[in-house]
Amino acid sequence: MRILRSQSFAMNRNVLSPNSMAVGLRGIVTSCRAVVLPRFGGPEVLELRPNVEVPDLKPSEVLVRTRAVSINPLDTRMRSGYGRSIFEPHLPLILGRDISGEVAALGASVRSLSVGQEVFGALHPTAIRGTYADYAILSEEELAPKPVGVTHVEASAIPFAALTAWRGLKGTARISEGQRLLVVGGGGAVGFAAIQLSVAAGCHVTTTCGSQSIGRLLAAGAEQAVDYTAEDLELAIKGKFDAVLDTIGVPETERISINFLKRGGHYMTLQGEAAALADRYGLAVGLPLATAVLLKKQIQYRYSHGIEYWWTYMRADSEGLDEIRRLSEAGKLKMPVEKTFPITQVREAHKAKDKRHIPGKIVLELD
């Protein structure tokens, strides 16, 4: 990491204005360690480089000194070539979406955060410069104060998964107290977050999962957890639901889920086809085709079942992130971390994630 005038910065960090911090960024941090993806492939393609440029801040951006980042399935999929049509022109790029750390510098228009403040947050799925770096850049709306009483490692495991669930539950389905929710695949991070968010909203939650996750999901507040490997879901699950969040998104779970919905209910899948179609046909053809596919399904299911059909993705939501912070502080939203690796062992961490040797969240620590 290359730092200029660092002693002066450290001595004056409490008296510098946001404007002077932003202007002085190039004089504070010009480069840092970062995990770079030079080409698509297995964990072996990841490179920890000592001097990767840190860009200047835009007015609404924040420079964060990274303390911990979690590895999401999106990270390993991107590394393997998922989203190639979007990301290939920008190689080499930096992976990573979640982050927990401290504010190092502020853009000129940032007002809700201060230098030195502990924060957590997540980048948009299509971000090119990710968080696997000593210093990461996020917009003000992508960050919130780190939950009090939660470590950086614990905090880094929360935002991306929880915001993905929040987008579907609150932004699309607009769940409310007393409603019934089915989470297909509650054992994963997004499903687990969805259960906790729904329980906190006063909903009645049923979920599907593997046998090893049943106890954990019931403890999180699910009223029924059905082992999909041992039971017939259509016989084991009773009644109709106001919303279904399908984290698996294969044709069979889509068919079953839609038949469980009440008229006027919402089906939301994480497995939208936009990226796959864009990779197959290119952006110019793939994205309009994806829009047509989605519209066709929406019309089809609205006519045949009277339900709303959506592809759901994570996006920045300052209100959602603030609520996630409050729930985390209250102990109502937790994301257990199974193992941590130093950033220097990022290849080993990705290997473990690929082989599913570690069932829960994996976090990279940066000292």
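Side-chain atoms are counted along with the backbone in the values below, which use heavy atoms only and exclude waters and symmetry mates. The shown structure was predicted, so the numbers you read here are calculated from the model rather than taken from an experiment.
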Counting heavy atoms not belonging to Lys58, are there more than 12 under 6.0 Å from its NZ? no
Between Phe40 and Val45, is the side chain to side chain contact (heavy atoms under 4.5 Å, CB included) condition met? List the steps. CA-CA 7 Å; Phe40 299 119; Val45 304; over 6 Å; no
Hey, does Ile71 have a side-chain heavy atom less than 4.5 Å from the side chain of Val363? no
Roughly how far, to the nearest 0.5 Å, is the CD atom of Gln212 from the OG1 atom of Thr229? 8.0 Å
Please answer whether the main-chain N or O of Lys334 pairs with a side-chain N or O of Gln196 as donor and acceptor at a distance below 3.5 Å. yes
On a heavy-atom basis, which atom in Leu123 and which in Arg129 lie closest, and how many Å separate them? CD1-O, 3.4 Å
Are any side-chain N or O atoms of Asn51 and backbone N or O atoms of Ser31, one a donor and one an acceptor, separated by less than 3.5 Å? no
Which residue, Arg67, Arg65, Gln117, forms the side chain to side chain donor-acceptor pair (under 3.5 Å) with Glu102? Arg67
Test side chain to side chain contact (heavy atoms under 4.5 Å, CB included) on Asp134 and Thr66; report intermediate values, then the result. CA-CA 5 Å; Asp134 282 325; Thr66 311; 5.8 Å; no
Euclidean distance, Asn72 CG relative to Asp98 CG, rounded to 0.5 Å: 4.5 Å
Modelled atom types, side-chain donor and acceptor of His266 and Glu308, under 3.5 Å: no
Are the side chain of Thr207 and the backbone of Val183 linked by a donor-acceptor contact shorter than 3.5 Å? yes
Closest approach of Thr126 to Arg97 (non-hydrogen atoms, all atoms of both residues): C-NH2, 4.2 Å
Go through the steps for Leu63 and Val103 under the test side chain to side chain contact (heavy atoms under 4.5 Å, CB included), then give the verdict. CA-CA 6 Å; Leu63 182 71; Val103 174; over 6 Å; no
Please indicate whether Arg216 has more than 12 foreign heavy atoms, meaning atoms of other residues, nucleotides or ligands, lying under 6.0 Å from its CZ. yes
Atom CD of Glu44: over 12 foreign heavy atoms under 6.0 Å: yes
Ser100 and side chain to side chain donor-acceptor pair (under 3.5 Å): which partner among Lys146, His152, Glu118? His152
Quick one: does any side-chain atom of Glu329 pair with a main-chain N or O of Arg326 as donor and acceptor, under 3.5 Å? no
Measure across Ile214 and Cys209 and return the closest heavy-atom pair with its distance rounded to 0.1 Å. CG1-SG, 3.7 Å
Salt-bridge criterion met for Arg255 and Glu252 (N-O under 4.0 Å): yes
Show the nearest heavy-atom pair for residues Val205 and Ser198, with the distance to one decimal. CG2-CB, 3.6 Å
Which atom names give the shortest non-hydrogen contact between Ala236 and Val226, and what distance separates them? CB-CG1, 3.8 Å
Are Ile307 and Ile299 joined in one hydrophobic group, where the rule is that I, L, V, M, F, W and Y side chains link up if heavy atoms are under 4.5 Å apart? no
Exam field: side chain Glu142 to backbone Ser139, donor-acceptor pair closer than 3.5 Å: yes
Please determine whether residues Tyr267 and Tyr228 belong to a single hydrophobic cluster, defined as Ile, Leu, Val, Met, Phe, Trp and Tyr linked transitively by side-chain heavy-atom distances below 4.5 Å. yes
Does any non-hydrogen side-chain atom of Leu245 lie less than 4.5 Å from one of Leu270? yes
Here the gap from Arg263 atom CZ to Arg302 atom CZ, rounded to the nearest 0.5 Å, amounts to 12.0 Å
Under 4.5 Å between any side-chain heavy atoms of Leu333 and Leu197, yes or no? yes
Under 6.0 Å from the CH2 atom of Trp310, do we count more than 12 heavy atoms belonging to anything else shown? no
Does any part of the side chain of Ile175, heavy atoms only, come nearer than 4.5 Å to the side chain of Asp242, both counted from C-beta? no
Got a donor-acceptor contact below 3.5 angstrom from the Ser257 side chain to the Val244 backbone? no
Side chain to side chain, Phe120 and Pro147, heavy atoms closer than 4.5 Å: yes
Can you find a pair of side-chain heavy atoms, one from Pro145 and one from Val119, that are under 4.5 Å apart? no
Can Asp75 and His350 be counted as having a side-chain donor-acceptor contact under 3.5 angstrom? no
Any side-chain donor paired with an acceptor under 3.5 Å for Lys361 and Ser70? yes
Nearest non-hydrogen partners of Phe87 and Ile128, listed with the distance: CD2-CD1, 3.7 Å
Checking Lys238 side chain against Leu235 main chain: does a donor-acceptor pair fall under 3.5 Å? yes
In terms of hydrophobic clusters joined by side-chain contacts under 4.5 Å, are Leu364 and Leu48 together? yes
Group every Ile, Leu, Val, Met, Phe, Trp and Tyr by side-chain heavy-atom contacts under 4.5 Å, then state whether Leu233 and Ile248 land in the same group. yes
Taking atom types as modelled, find out whether Ser112 and Glu140 have a side-chain donor-acceptor pair closer than 3.5 angstrom. yes
Heavy-atom side-chain contact between Arg315 and Leu163 under 4.5 Å: no
Across all chains, not counting sequence neighbours, the salt bridge (charged side-chain N to carboxylate O under 4.0 Å, His left out) partners of Lys297 are Glu254, Glu273
Asp354/Arg77 under salt bridge (Lys or Arg N to Asp or Glu O under 4.0 Å): CA gap, chis, key distance, verdict: CA-CA 9 Å; Asp354 281 353; Arg77 294 178 71 190; over 6 Å; no
More than 12 heavy atoms of other groups within 6.0 Å of Asp232 CG: yes
Are any side-chain N or O atoms of Arg33 and backbone N or O atoms of Arg49, one a donor and one an acceptor, separated by less than 3.5 Å? no
Under the 3.5 angstrom rule, does the side chain of Arg111 hit a backbone N or O of Ala108 as a donor-acceptor pair? yes
Classify the angle between the aromatic ring planes of Tyr309 and Tyr301 as parallel (below 30°), tilted (30 to 60°) or perpendicular (above 60°). parallel
Contact between Met314 and Pro125 at the side-chain level, heavy atoms closer than 4.5 Å - yes or no? yes
Supply the atom-to-atom distance Cys203 SG to Phe241 CZ, rounded to the nearest 0.5 angstrom. 11.5 Å
Common cluster, Leu295/Val285, ILVMFWY with side-chain heavy-atom separation under 4.5 Å: no
Within a radius of less than 6.0 Å around CD of Gln300, do more than 12 heavy atoms belonging to other residues, nucleotides or ligands occur? yes
Start with the C-alpha distance between Val337 and Thr340, add both sets of side-chain angles, then the distance that settles side chain to side chain contact (heavy atoms under 4.5 Å, CB included), and finish with yes or no. CA-CA 8 Å; Val337 175; Thr340 63; 4.1 Å; yes
To the nearest 0.5 angstrom, please state how far the CG atom of Leu366 sits from the CD1 atom of Ile99. 8.5 Å
Do the side-chain N and O atoms of Thr269 and Asp246 include a donor-acceptor pair separated by under 3.5 angstrom? no
OG1 of Thr76 to CD1 of Ile362, rounded to nearest 0.5 Å, is 9.5 Å
Donor-acceptor check, side chain of Arg167 to backbone of Tyr313, threshold 3.5 angstrom: yes or no? yes
